[in-house]
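The structure appears right after this line, and notes come after that.
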Protein chains: 2
Amino acid sequence: MALDTTDLTTETLCRYMLERQRGTIIVQKQDVALRKLNVIIAAALELSNSKGFQAMSLRDLSRETGLSMGGLYAYFDSKTTLLNMILMEVTEAVKRVLSDPPEEVRQDPAARLDWLIEAHIRMTELMQPWFTFAFMEAKNFPQAERRIAVESEALTESYFVAAIEDGIARGVFRPDVPALLPALIKPLLQEWYVKRAKYKRRDVSMEAYIATVQDIVRRICLPQADPIPHGR
Amino acid sequence: MALDTTDLTTETLCRYMLERQRGTIIVQKQDVALRKLNVIIAAALELSNSKGFQAMSLRDLSRETGLSMGGLYAYFDSKTTLLNMILMEVTEAVKRVLSDPPEEVRQDPAARLDWLIEAHIRMTELMQPWFTFAFMEAKNFPQAERRIAVESEALTESYFVAAIEDGIARGVFRPDVPALLPALIKPLLQEWYVKRAKYKRRDVSMEAYIATVQDIVRRICLPQADPIPHGR
DNA sequence: ACGTATCGAGCGAACGCTCGCTCGAAAAAA
DNA sequence: TTTTTTCGAGCGAGCGTTCGCTCGATACGT
């Protein structure tokens with residue numbers, strides 16, 4: 001599981017963001033800008049995820065970051081821009097991570113599926129506030145932003161489509177794998193970060209969750225190995 | 001599939017609501033109250049689901065219903081109460097529908113699971129705006145209301161837990177059915193009404209969706225029958 | 001049948017407040 | 001001094017909520 005965890009910290013993501021948003025971020029000094037951007041984004045994610053983006057006022061954000069109202073506007077030119085900045089980093093991160101599976105996994109469809117599932121869940125765990133934000137807020141986005149979210153989701157699904165089709169073509173997977181399966185894996189992956197509190201309460205570890213989803217998908221795709229003998 | 005569809009129309013749900021909220025609804029005349037409540041709830045669901053409950057102002061609602069600001073307050077005493085009224089009808093409807101499976105299904109665990117899946121999806125289809133509201137808005141509810149939503153979800157899950165445990169106890173299901181499976185069925189059911197637009201676009205009928213979820217769950221629970229022989 | 005009293009659904013201006021956002025000035029850095 | 005960064009009072013719009021009021025329908029006394 002070679003997932004570059006340092007690449008998904010809020011700090012690193014803010015570095016990407018700063019670079020990408022040179023146009024809108026007024027502050028010139030790199031180190032100052034990066035430090036404050038970090039504080040702003042972290043606070044924005046926390047406030048947003050606890051009360052909703054739209055219910056988070058910029059005064060809340062000002063209080064939480066220690067920056068003044070005007071100070072905040074050196075980092076974005078509108079509240080919607082702030083939303084876009086966060087969204088963009090999430091979708092870019094998904095592309096970065098899921099688009100290149102490790103070499104050893106490409107020849108084995110089952111392993112490739114396992115890897116996709118594990119990588120996706122581990123990524124959402126590392127970037128949990130980001131994904132919660134992107135997922136929870138997506139419904140109320142302006143149309144343009146919602147299309148981005150939909151397309152990003154379609155991209156994720158396409159990775160699963162490819163892996164499953166490959167498995168069937170190689171004769172490793174059952175030929176009657178449901179056509180809807182790739183679409184249905186997505187909500188299983190989202191469940192982990194959306195209902196995180198619930199699984200924490202039940203002492204379900206991320207590893208156990210990953211293993212279960214992998215197990216379920218394997219049971220659906222593979223001709224049954226029936227690993228544990230059972231009576232009757 | 002004996003699902004009483006007339007019981008789940010907005011009109012009928014408003015009748016229940018009117019009865020339950022006698023305390024808060026000021027309007028005395030039954031028929032007037034019922035007619036207007038219908039208009040108010042329908043508009044509230046539509047506005048809420050397109051821009052979010054928070055973002056729906058009572059002025060929006062006033063414009064959409066043709067009632068004045070003051071007029072609206074004859075039907076609820078605060079915006080939060082309006083939210084609660086809708087939430088409550090959803091959770092009560094779930095109880096009504098899922099708590100009594102038809103007799104012929106109780107002795108057959110696989111059929112019982114199939115029934116639960118079909119009943120739940122058909123119900124969410126009939127009450128789509130209600131479920132979208134309850135699910136999408138739940139994240140940003142005040143704490144008390146969020147607890148109701150969480151408990152309602154736990155209740156739904158418990159129906160699946162019971163059915164699966166019964167199947168294992170009877171030796172019909174594999175003993176190694178993942179413990180998390182009941183929790184993971186829920187997001188598969190939600191997927192249908194949350195991403196409704198996506199499946200419409202892809203020409204996936206509700207029947208096909210139901211059949212797929214049933215198929216998937218069966219593959220996970222049953223010792224593999226391997227109905228279609230497949231090559232290698 | 002007719003006039004009068006009563007009812008109550010509905011109205012909408014107004015209140016206190018918070019919102020996203022601006023901008024001139026102070027502070028800090030260079 | 002000049003440039004860059006930060007500040008925070010203030011703007012107009014819009015929020016949820018209230019309340020004195022209207023006015024057609026109904027009930028009742030004669």
Side-chain angles (χ1 to χ4, degrees), chain A residues 14 18 21-41 43-44 47-48 50-86 137 140-142 145, chain B residues 14 17-18 21-41 43-44 47-48 50-86 137 140-142 144-145:
Chain A
C14 284
L18 182 56
Q21 308 291 337
R22 268 283 153 62
T24 42
I25 296 179
I26 295 302
V27 179
Q28 308 284 330
K29 287 170 72 178
Q30 270 269 31
D31 57 330
V32 175
L34 185 56
R35 209 172 56 246
K36 301 243 165 135
L37 188 60
N38 232 298
V39 173
I40 292 171
I41 297 300
L47 284 168
S48 243
S50 72
K51 43 160 69 179
F53 179 74
Q54 130 103 338
M56 171 194 78
S57 74
L58 294 186
R59 283 171 182 80
D60 290 337
L61 193 57
S62 161
R63 197 179 319 110
E64 210 66 22
T65 56
L67 278 168
S68 66
M69 293 294 287
L72 289 177
Y73 272 82
Y75 294 85
F76 47 80
D77 52 25
S78 78
K79 203 186 172 192
T80 304
T81 299
L82 173 60
L83 185 155
N84 273 319
M85 286 163 57
I86 298 176
E137 299 305 329
N140 306 330
F141 287 164
E145 280 74 19
Chain B
C14 284
M17 187 184 285
L18 183 56
Q21 309 290 338
R22 270 280 157 63
T24 41
I25 297 179
I26 295 302
V27 179
Q28 311 280 331
K29 289 170 72 176
Q30 271 269 29
D31 57 332
V32 176
L34 185 56
R35 207 173 57 246
K36 302 251 163 129
L37 188 60
N38 232 299
V39 174
I40 292 171
I41 297 301
L47 284 169
S48 244
S50 71
K51 43 159 68 182
F53 181 75
Q54 268 270 18
M56 171 193 77
S57 75
L58 293 186
R59 281 168 184 81
D60 290 337
L61 192 57
S62 161
R63 196 178 320 111
E64 210 67 23
T65 57
L67 277 167
S68 66
M69 295 295 291
L72 288 177
Y73 273 81
Y75 294 86
F76 47 80
D77 53 26
S78 75
K79 202 187 173 192
T80 304
T81 299
L82 174 61
L83 184 156
N84 274 317
M85 287 163 58
I86 298 176
E137 298 305 327
N140 309 330
F141 288 163
E145 282 71 22

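In what follows, every chain begins at residue 1, and chains take the letters A, B, ... in the order their sequences are listed.
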(request) Specify the residue among A:G70 and B:S78 whose closest nucleotide of DNA chain D lies further upstream toward the 5′ end. (result) A:G70

(request) To the nearest 0.5 Å, tell me how far A:T24 OG1 sits from A:Y73 OH. (result) 12.5 Å

(request) Just compare C:dA9, D:dG16, C:dT22 and give me whichever is closest to any side-chain atom of A:Y73. (result) C:dT22

(message) In whole Å, I'd like the distance from the CG atom of B:L82 to the C1' atom of D:dT17.
(response) 14 Å

(request) Tell me whether the OP1 or OP2 atom of D:dA25 has a side-chain N or O from B:K29 closer than 4.0 Å. (result) no

(request) For B:I40 and C:dG10, give me the distance from atom CD1 to atom C1', rounded to whole Å. (result) 11 Å

(request) State whether the distance check finds a donor on one side and an acceptor on the other, under 3.5 Å, for side chain B:R59 versus base D:dG14. (result) no

(request) Check whether any side-chain nitrogen or oxygen of A:K36 sits under 4.0 Å from OP1 or OP2 of D:dT6, and answer yes or no. (result) yes

(request) Tell me whether the OP1 or OP2 atom of D:dC15 has a side-chain N or O from B:S57 closer than 4.0 Å. (result) yes

(message) So, OP1 or OP2 of C:dC11: does either fall under 4.0 Å of a side-chain N or O from B:S68?
(response) yes

(request) Report the distance from atom NZ of A:K79 to atom P of D:dA13, rounded to the nearest whole Å. (result) 20 Å

(message) Please pick, from D:dT6, C:dG8, C:dT22, the nucleotide with the shortest atom-to-atom distance to any side-chain atom of A:M69.
(response) C:dT22

(message) In this structure, how many angstroms lie between the P atom of D:dT5 and the CG atom of A:L72, rounded?
(response) 16 Å

(message) If I take atom CG in residue A:D31 and atom P in nucleotide D:dT4, what distance separates them, rounded to the nearest angstrom?
(response) 15 Å

(request) Consider the side chain of A:L58, meaning its heavy atoms from C-beta on, and name the nucleotide among C:dC21, D:dT6, C:dG10 that approaches it most closely. (result) C:dC21

(request) Kindly determine whether B:D60 and B:K51 satisfy side chain to side chain contact (heavy atoms under 4.5 Å, CB included), including the steps that lead there. (result) CA-CA 11 Å; B:D60 290 337; B:K51 43 159 68 182; 3.0 Å; yes

(message) Does B:Y75 reach a base, just sugar-phosphate, or nothing at all? Heavy atoms under 4.0 Å.
(response) sugar-phosphate

(request) Measure the distance from CD on B:Q28 to P on D:dA27 and round it to the nearest whole Å. (result) 14 Å

(message) Expressed as a whole number of angstroms, how long is the span from A:D77:CG to C:dC23:P?
(response) 14 Å

(request) For A:L82 and A:L61, run side chain to side chain contact (heavy atoms under 4.5 Å, CB included): C-alpha distance rounded to whole Å, both residues' side-chain angles, the deciding distance at 0.1 Å, then the answer. (result) CA-CA 12 Å; A:L82 173 60; A:L61 193 57; 4.0 Å; yes

(message) Distance check, rounded to the nearest 0.5 Å: B:R22 atom CZ versus B:M17 atom CE?
(response) 14.0 Å

(message) Expressed as a whole number of angstroms, how long is the span from B:Q54:CD to C:dG20:P?
(response) 11 Å

(request) Check A:L58, A:L83, A:N84 against A:F76 for a side chain to side chain contact (heavy atoms under 4.5 Å, CB included) and give me the one that passes. (result) A:L58

